[in-house]
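A quick write-up on the structure given underneath.
Note that the coordinates shown come from a computational prediction; the quantities given were computed from them, not determined experimentally. Each chain gets a letter, A, B and so on, in the order its sequence line appears, and its residues count up from 1.
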Amino acid sequence: MMKKNMKNDFFRKGIEGIRNIQLSPEERGVVLSRLLEHAEKHSAVVSPWKIYLSRFQVKYAIVGVLIVLFGGGGAASAAEGALPGDILYPVKIYVNEPLRKTLIAGDVPKAQFEAERTVRRLEEAESLAAQGRLNKASAETVREHFEKSAATFDSVVQKLEAKGSSKEAVNVRVDFEAQINAHSQILSTVGSAMDVSRDNDITPLRDAVEEKAQKAKESRANAVGVFLKDFHEEFDGRAQSIQAIIQKTGDRFRNTVSATAASSSVQNVILETIPQTLQAAENALRDAKEKQNSGDSNEAFSVLLDSESAAKEADISLKQGLKFGKEEKEKRDSSRRGDGDSDREDNSGRGGD
Amino acid sequence: MDGVLQMCYICGAPHILRILTRKKRMPHASLGMESDILKNKFIRIYNGESSSIFRFCFLRTSDKEVAIDLMQDTFMRFWNSLSRGGKEIRNERAFLFAIARNSITDWYRKKRTLSLESLAENSEMDVEAFMNTPQKEEIEMAHEAKFLMEKICELDPLYQHVIYFRFVEGLGPKEIAEILGESMNVVSVRIHRGIKQLRSVAGYDEKKHEK
């Protein structure tokens, strides 16, 4: 009766409009962080009787996880390791990161923070993949946050460039490009190795990262074109530091990777790309030096930055490849332990019968 | 019975901690677990209800900053009740709205600089009404939403809350009764009369228009 009486478009739109009055996720996150601080200071006091009585309830099954989440430093610090789908992930995204951002002063640190934030999303996707938890839904969450952070990074760097901070802006862009390239490569490998099904489709994320990698390269090239004159003096020093990165990454690769077997085909593919990327960095470095010697210093510097980006990309791929293998191994060990425990329980159950 | 009297280091009081237990158990670990479960529950409720509580506070105060403070205050009081234990909270949503309503009343009382006499005479009616302060910070509202809110504000204060809770927040008469501290019958009658009045003031009554 009531609904019938109120069936009026204008009324319905009015209700919807009122319901649209909301705080932004960031604002809600800030209030939640204050509330969790309050909760930490005013912890629950519960009778041990109550604990005893509820000891057998199912909810205690999650207690182990919660101890890890809330133990030592409260929810905010526990949220730092949260991944998409975890209960504390919104605290990480909407509380911790905006709070950290507010504490950063200066355009360059802000741009570096946004770059780090963007890359963090991709590292989360890789961790999920290593743990076998990456699926369409979690990939979509990562993609949304990745695109948002990447857009913020661009606008911060553009502001930096508009102010004339050329060197800093180019350096931030080179680092960002190297990071995105490395992670794009890893996600591509991860995506190819996943079972093709509707629930496992991470193509939108992979495409978004590939597109961003391409744009990052173009943006860096354009920025360098404008500010080339600022870099002429530092060619030699920069070339030396690139050579050092190539050398160091190559040594680390030979020492660590050759000594241990890859934990999976995905890790194997990630690590296989490293010698090629290092070779590309070396070739570009050689080209850059030749161009510099022949007097084409503008082109030399542009190629030098290609080399730097490739060298850093190899370094990041190595770190992430090793991390991926470690997380995969931990996941396998924990499932094996779980199977072992359940086997033991089964056996003891049968023995009891 | 193998009960042992020990001092609980959380509350300092002596408790018999090992009654009917086979192994020695550490009370502090269990207390920590209980607290963590409460926090988990609190975050879940906050994520579900914070928008509604903010909206309610904002529409009552017309000031975004004040509404955020009141929302925060509401959830702090809610946490205090949750963590103290005692009486079980059966309907968290209704309980939160009831706290928010009290917080708003307190805020109005603090805000008023009227004499005690006039406060006693007028405060109840003022506090009952929606948006009775000039808009301080504008949050963008669609034309239809503004119109409807204005019309709700024109209703008899007795009906404003029930209409808001019923149609905007989608609460049932039982929940509204819990928030307002009235019986379900009273709430049902107010909803019925409120709709009638709203149809009249807002022109939602099509039959009337046809005439």
With side chains defined as the heavy atoms from C-beta onward, is the minimum distance between B:I43 and A:L88 less than 4.5 Å?
yes
Counting only heavy atoms not in B:R193, do more than 12 sit closer than 6.0 Å to its CZ atom?
no
Residue pair A:E27 / B:K64, side-chain heavy-atom distance below 4.5 Å
yes
NZ (A:K13) with more than 12 external heavy atoms under 6.0 Å
no
Side chain of B:Y46, backbone of A:R28: donor and acceptor closer than 3.5 Å?
yes
Sort B:N47 into side chain, backbone, both or neither according to what part of it lies under 4.5 angstrom from a heavy atom of chain A.
both
Return the minimal non-hydrogen interatomic distance between A:G14 and B:L148, and the atom names on each side.
C-CD2, 3.7 Å
Flag side-chain contact, heavy atom, 4.5 Å: A:F11 against B:L198
yes
CG-OG distance between A:N20 and B:S51, expressed to the nearest 0.5 angstrom:
10.5 Å
Given side chains that start at C-beta, do those of B:F54 and A:Q22 come closer than 4.5 Å, heavy atoms only?
no
From B:S52 atom OG to A:I21 atom CD1, the distance as rounded to the nearest 0.5 Å:
11.5 Å
Is there a donor-acceptor pair under 3.5 Å between the side chain of B:R55 and the backbone N or O of A:R19?
yes
Do B:F167 and A:I18 come within less than 4.5 Å of each other through their side chains, counting heavy atoms only?
no
Go through A:L35 and B:F42 one step at a time and tell me if the side-chain contact (heavy atoms from CB on, under 4.5 Å) criterion holds.
CA-CA 10 Å; A:L35 289 168; B:F42 179 74; 4.0 Å; yes
Do B:E144 and A:I15 come within less than 4.5 Å of each other through their side chains, counting heavy atoms only?
no
